[in-house]
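Contents: one structure, followed by commentary.
Everything quoted here is computed from the prediction, not taken from an experiment.
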Amino acid sequence: MARAGLKKWVAGPVLAASLSSGCSLSAPSDDELMGGAGWQHSGSDASVDQDGAGGAKPDAPSDATADNNGDASKDGDAHVDVLDGVAPDVTCGPGEKYCGACVSVGDPAWGCTPTGCQPCAIPHAQSACNASNCTMVSCDSGWTDCNANPSDGCEVNLSQDPMNCATCGHVCPGGANVSCVNGQCGLACPTGQGDCDGVAANGCETDTTSTADHCGNCATACTYANASAQCIASQCSMGSCASGYGDCDQQDTNGCEISTDTDLGNCGSCGAPCPVNLPNATSTCAGGNCGVQCTSGWGDCDNAPANGCETDTSTSVLHCGGCNQPCPSGPNATPACANGTCSLTCTNSAYGDCDGVASNGCETILQNSAQHCGACGHSCLGTQCSAGTCEVTTIASGENSANAIAVDGSYVYWASYSALNVMTRRAPKTGGGAVTLENVTNASQGVGVALFGSDLYWTIQGTNERVLKDTTGTGTPATVLSANEQSPYGIATDGSWVFWTRSIAGGTIRRTTTAGGALTDIATNQASPRGIALDTTHAYWVNSGDGTIARAKKDGTDPSATVLVTGQSNPYYIAVDLTSMYWTDYGTGTVMKANLDGTAVTTLATGESGPRGLAIDATHVYWTTLSGGTIRKVVKGGGAIATLAQGQGSPRQIAVDATHVYWTNYVGDSVARVAK
């Protein structure tokens with residue numbers, strides 16, 4: 001019979017698990033159902049197990065049916081009920097006990113006693129069994145045993161306990177509002193307050209409903225670009241704009257977005273644009289005021305931005321180079337402004353502003369200043385100035401029909417004619433002591449002369465027409481480079497070859513070496529060629545017969561020549577530099593210039609009375625006027641013409657050195673010079 005208070009013993013999965021753990025099971029006897037061997041009860045099954053209490057052998061088969069003696073209910077299965085807490089007739093292994101299954105006696109999940117199954121329950125800790133007693137091994141994460149009493153386990157949460165915040169005994173200050181969050185002391189502030197300085201001692205010091213740096217909570221700061229911020233009822237709002245800025249789009253999110261100090265469309269305040277499309281100017285905004293940026297050479301001299309930059313500062317004498325920069329004036333002058341630079345225009349051509357001081361005007365009398373004769377900076381180099389020209393120095397006189405001329409570092413060389421003889425002569429450049437180098441009989445004039453080093457090369461016309469070479473200062477007779485010439489005229493040399501023109505209809509351009517020898521015509525069929533000049537590759541000459549300027553290669557590979565310029569009247573002499581050629585045109589009274597290829601023909605001087613001889617230096621072109629009796633010059637690029645000497649007797653040819661101009665007076669029978 002089953003006893004009152006017994007529970008049903010279920011031979012299901014638990015029993016199966018027990019069996020699988022190595023336990024053996026037999027049908028329990030009544031004695032076993034009462035707690036094992038030693039329990040006694042009355043009934044038909046009064047005998048004990050055959051193999052003793054807890055033995056492996058079951059009771060007699062007649063005990064396999066369920067008891068029904070006095071049971072409150074029947075299970076309806078083939079298994080007996082088991083008393084609460086009483087193990088069935090199960091045999092567990094050594095060190096094991098039965099807790100619904102065979103478990104380890106040392107497993108704290110089933111208690112540490114040999115018979116009980118109540119688990120070890122130590123709060124917030126990991127436990128273990130030691131000598132049948134539950135012991136604490138370690139605390140759960142975040143918990144600790146601050147009171148050293150294992151009975152209550154790990155009683156403190158260090159991340160939340162304000163009395164033990166982060167470590168045992170660390171009490172967070174702050175009184176009633178104290179808190180511990182994640183092991184950090186803080187305050188649990190009421191709504192609208194915050195501990196924003198992190199100092200618990202002064203409590204919740206910040207009003208988060210009205211503090212712009214902590215609006216609504218300590219982590220929210222109210223900020224607006226270029227504007228103040230305010231906090232009202234825990235909500236951020238924008239205050240006034242910073243100086244020089246405006247909230248022109250009325251949007252708080254981007255603050256005061258416009259710099260009214262510099263913005264052309266909102267200059268000084270929102271909606272205040274600066275003017276556009278100004279004359280000679282572009283609008284500006286600086287410091288909140290509209291202004292203008294003037295185009296180069298213009299100025300806003302009336303300080304009225306609305307009309308732009310109205311003043312031409314490149315020409316205005318009152319605003320020269322900039323507003324309110326007047327050009328000063330002085331005696332004999334009126335102020336002038338060119339390219340933004342002040343200058344003086346002399347009201348009397350007899351005066352010049354030679355000291356460059358505007359305040360004293362045109363102070364120099366150009367008519368008699370030996371340092372500024374005729375023009376500022378034109379020194380007479382020791383001679384007198386009269387009527388604006390330097391005194392002419394006569395180097396040699398009594399030189400009948402003086403014509404061709406050349407100079408070197410010490411001497412002047414020229415040709416004179418007397419009684420059917422041509423004499424080649426020289427004298428010191430300062431004058432005195434003229435001597436004859438060569439006397440050529442049966443000749444009418446020495447037309448051309450060229451100088452290279454100490455060697456002079458001459459063309460002689462007359463019955464005995466020839467090309468000669470003199471070595472200066474040796475006293476030896478001249479060398480005849482070519483005899484029986486036909487009207488030899490201009491001559492030039494490069495130190496290796498000598499070139500000359502034969503001034504006849506169908507004339508030629510000839511050459512020979514400086515030592516003489518074979519003659520070569522580098523150009524033929526020319527129309528009365530006269531003056532000749534050389535550069536590194538070509539010979540250039542003028543054809544007086546047809547008014548052309550031509551050239552040919554010095555090596556003679558183009559004997560047909562190349563015509564560079566046409567339309568001239570009666571060209572006489574020519575000179576060349578690295579880029580240009582220059583010539584005199586006796587027929588039209590002009591001095592001309594062109595590129596070496598004949599392009600860009602330019603007139604440097606017009607209205608000249610019989611321009612004849614021609615010479616150049618680095619900056620100027622010099623010429624003689626045969627009919628006018630003058631020596632004149634002009635800069636190579638063109639400009640004002642200066643008269644260096646006048647009243648000369650039919651000056652023919654001309655030569656220059658670093659300081660002076662030299663010429664022959666064909667009628668005056670003299671050789672003269674004047675400062676350049």
Side-chain angles (χ1 to χ4, degrees), residues 181 184 186-187 189-314 316 318-325 340:
V181 179
Q184 298 291 325
L187 295 177
C189 295
T191 301
Q193 299 292 316
D195 176 25
C196 298
D197 63 1
V199 179
N202 62 1
C204 300
E205 83 290 342
T206 301
D207 182 355
T208 58
T209 66
S210 61
T211 304
D213 288 340
H214 308 284
C215 191
N217 57 69
C218 290
T220 300
C222 301
T223 58
Y224 296 92
N226 310 309
S228 64
Q230 54 192 1
C231 179
I232 301 173
S234 300
Q235 297 296 317
C236 288
S237 64
M238 189 172 74
S240 60
C241 291
S243 177
Y245 289 89
D247 180 21
C248 297
D249 64 0
Q250 298 297 304
Q251 297 292 322
D252 286 1
T253 54
N254 59 357
C256 296
E257 79 286 352
I258 296 296
S259 171
T260 55
D261 276 350
T262 59
D263 190 82
L264 286 174
N266 303 276
C267 191
S269 62
C270 292
C274 293
V276 296
N277 300 322
L278 298 175
N280 311 306
T282 55
S283 288
T284 63
C285 178
N289 295 307
C290 290
V292 292
Q293 178 66 47
C294 293
T295 303
S296 178
W298 293 85
D300 178 24
C301 299
D302 63 0
N303 292 315
N307 64 355
C309 297
E310 78 292 339
T311 302
D312 184 351
T313 56
S314 65
S316 172
L318 297 178
H319 309 281
C320 190
C323 291
N324 303 311
Q325 295 179 186

(request) Give yes when the SG atoms of C274 and C267 are nearer than 2.5 Å, otherwise give no. (result) no
(request) State, with a plain yes or no, whether a side-chain heavy atom of E310 is found less than 4.5 Å away from one of C301. (result) yes
(request) State, yes or no, whether a side-chain contact exists between E257 and D247 at a heavy-atom distance under 4.5 Å. (result) yes
(message) Given P305, which partner from the list N289, T284, V292 fulfils the side chain to side chain contact (heavy atoms under 4.5 Å, CB included) test?
(response) V292
(request) Report the C-alpha distance between C256 and C241 in whole Å, list the side-chain angles of each, state the deciding distance to 0.1 Å, and finish with yes or no for disulfide bond (SG atoms under 2.5 Å apart). (result) CA-CA 6 Å; C256 296; C241 291; 1.9 Å; yes
(request) Ignoring hydrogens and angles, state whether a donor on the side chain of T262 or S259 is under 3.5 Å from an acceptor on the partner side chain. (result) yes
(message) Do D213 and T211 pair up side chain to side chain, a donor and an acceptor below 3.5 Å, judged on atom types alone?
(response) no
(request) Please tell me if the side chains of W298 and T311 come closer than 4.5 Å, counting only heavy atoms from C-beta onward. (result) no
(request) Check whether any side-chain heavy atom of Y224 sits under 4.5 Å from a side-chain heavy atom of C236, and report yes or no. (result) yes
(message) Working to the nearest 0.5 angstrom, can you tell me the gap between H214 NE2 and C196 SG?
(response) 4.5 Å
(request) Please confirm whether the backbone N or O of T282 pairs with a side-chain atom of Q293, one donor and one acceptor, at under 3.5 Å? (result) no
(request) Would you please test D197 and N202 for side-chain contact (heavy atoms from CB on, under 4.5 Å) and show each step? (result) CA-CA 9 Å; D197 63 1; N202 62 1; 2.7 Å; yes
(request) State the CG-CG distance between D300 and L278, to the nearest 0.5 angstrom. (result) 9.0 Å
(request) Determine whether N217 and T208 make a side-chain contact, defined as any pair of heavy atoms from C-beta on separated by less than 4.5 Å. (result) no
(request) Any chance you could measure N266, atom CG, to D249, atom CG, to the nearest 0.5 Å? (result) 10.0 Å
(message) Would you say that T209 contacts S234 through its side chain, given a criterion of any heavy-atom pair below 4.5 Å between the two side chains?
(response) yes
(message) Please check this pair: side chain of H319 against backbone of N324, looking for a donor-acceptor N/O pair closer than 3.5 Å.
(response) yes
(request) Report the distance from atom CE of M238 to atom OG1 of T223, rounding to the nearest 0.5 Å. (result) 12.0 Å
(request) Give, for atom CG of N307 and atom CG of N280, the distance between the pair rounded to the nearest 0.5 Å. (result) 10.0 Å
(request) Give a yes/no on whether the SG-to-SG distance for C204 versus C189 is below 2.5 Å. (result) yes
(message) For the CG atom of L264 and the SG atom of C290, what is their distance to the nearest 0.5 Å?
(response) 7.5 Å
(request) Return yes if some donor-acceptor pair links the side-chain N/O of T260 with the main-chain N/O of G244 below 3.5 Å, else return no. (result) yes
